[in-house]
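Quick notes on the structure that follows.
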Amino acid sequence: MSSSDDEVWPAYLEHTRELAGQLLRADDPYDVALQFMGDTIEVIATGDYEYAVSMYNLWGDLTDWVELKPAEEDLAKAEMVRAAREWLALNPRDSDAVRRYFAHWLHDVSHHDQP
């Protein structure tokens, strides 16, 4: 993403919606999930953007699920699709909705902060 700092976050939000749509149409959602992570790392590297780390952690948790628990691959990929659908259903500029989305996925689903 080659935008000015003021344009990076809105462009990234739009890009995440495009990726979520791609994931819904993909033969293998895992590949698009990896792209979510890579593109998010680029945004994190450009500045301190609210929720970018949460986005990276979410897709990292989902791809790790596929990699670390191959017997649960189908379930993990189904959850990737559900996460993408839910992302598309919310307004990413509504900070309360985004906060609830990441709280659900990172804490309730992935148990990200639990040892």
Side-chain angles (χ1 to χ4, degrees):
M1 287 180 218
S2 59
S3 304
S4 74
D5 286 347
D6 292 341
E7 296 171 353
V8 169
W9 187 245
Y12 172 72
L13 288 176
E14 183 59 34
H15 184 64
T16 63
R17 297 182 66 72
E18 292 168 12
L19 284 174
Q22 287 175 22
L23 190 141
L24 295 180
R25 296 183 304 277
D27 290 332
D28 187 353
Y30 176 82
D31 293 333
V32 181
L34 289 176
Q35 187 176 349
F36 252 110
M37 291 176 60
D39 293 352
T40 301
I41 279 292
E42 290 179 23
V43 170
I44 291 169
T46 65
D48 184 21
Y49 294 102
E50 188 175 14
Y51 300 120
V53 171
S54 295
M55 185 68 80
Y56 180 83
N57 289 336
L58 165 61
W59 292 102
D61 289 348
L62 290 170
T63 55
D64 283 353
W65 189 0
V66 169
E67 295 164 8
L68 300 174
K69 297 181 180 179
E72 298 179 13
E73 179 177 351
D74 290 342
L75 177 58
K77 288 180 177 181
E79 288 296 270
M80 289 176 184
V81 169
R82 189 166 68 99
R85 276 194 186 116
E86 289 180 10
W87 182 249
L88 287 170
L90 64 80
N91 175 355
R93 289 179 175 83
D94 177 345
S95 60
D96 289 336
V98 172
R99 183 182 41 73
R100 286 189 305 270
Y101 173 85
F102 286 120
H104 170 72
W105 280 100
L106 291 173
H107 306 294
D108 300 339
V109 176
S110 297
H111 309 290
H112 188 78
D113 293 332
Q114 296 180 5

(request) Using distance alone, with no hydrogens and no angle criterion, decide if Thr40 and Trp59 have a side-chain donor and acceptor under 3.5 Å apart. (result) no
(request) Identify the heavy atoms of Leu88 and Gly21 that sit nearest to each other, and give their distance. (result) CD1-N, 3.9 Å
(request) Flag yes if more than 12 heavy atoms outside Tyr56 fall under 6.0 Å of its OH atom; otherwise flag no. (result) no
(request) Answer yes or no: is there a donor N or O on one side and an acceptor on the other, between the side chain of Tyr101 and the main chain of Ala83, under 3.5 Å? (result) yes
(request) Give the minimum heavy-atom separation between Thr63 and Met37, together with the two atoms involved. (result) OG1-SD, 3.3 Å
(message) Pair Arg17, Glu14 - check salt bridge (charged side-chain N to carboxylate O under 4.0 Å, His left out), show working.
(response) CA-CA 5 Å; Arg17 297 182 66 72; Glu14 183 59 34; 5.1 Å; no
(request) Could you check if a side-chain atom of Val43 sits within less than 4.5 angstrom of a side-chain atom of Met55, using non-hydrogen atoms only? (result) no
(request) Measure the spacing between CG of Asp31 and CE of Met80 and express it to the nearest 0.5 Å. (result) 9.5 Å
(message) Tell me the closest heavy-atom pair linking Pro92 and Leu13, and the distance in Å.
(response) CB-CD2, 3.9 Å
(request) For the residue pair Val98 and Trp87, establish whether any side-chain heavy-atom pair is separated by less than 4.5 Å. (result) yes
(message) Ignoring hydrogens, what is the shortest heavy-atom contact between Val66 and Ala76? Give both atom names and the distance.
(response) CG2-CB, 3.6 Å
(request) Report yes if the side chains of Trp105 and Asn57 come closer than 4.5 Å at any heavy-atom pair, otherwise no. (result) no
(request) Any pair with a residue in residues 56-74 that passes salt bridge (charged side-chain N to carboxylate O under 4.0 Å, His left out), sequence neighbours left out, goes on the list, sorted by first then second residue, please. (result) Glu73-Lys77
(message) Can you confirm whether more than 12 heavy atoms, excluding those of Asp27, are under 6.0 Å from its CG atom?
(response) no
(message) Looking at every heavy atom in both His111 and Asp108, which two are closest together, and how far apart are they?
(response) CE1-O, 3.2 Å
(message) If I take atom CG from residue Leu62 and atom CG from residue Leu34, how far apart are they, to the nearest 0.5 angstrom?
(response) 11.0 Å
(message) Applying side-chain contact (heavy atoms from CB on, under 4.5 Å), can you list everything that pairs with Arg85, at least two apart in sequence or on another chain?
(response) Leu24, Val81
(message) Rounded to the nearest 0.5 Å, what separates atom CH2 in Trp9 from atom OH in Tyr51?
(response) 9.0 Å
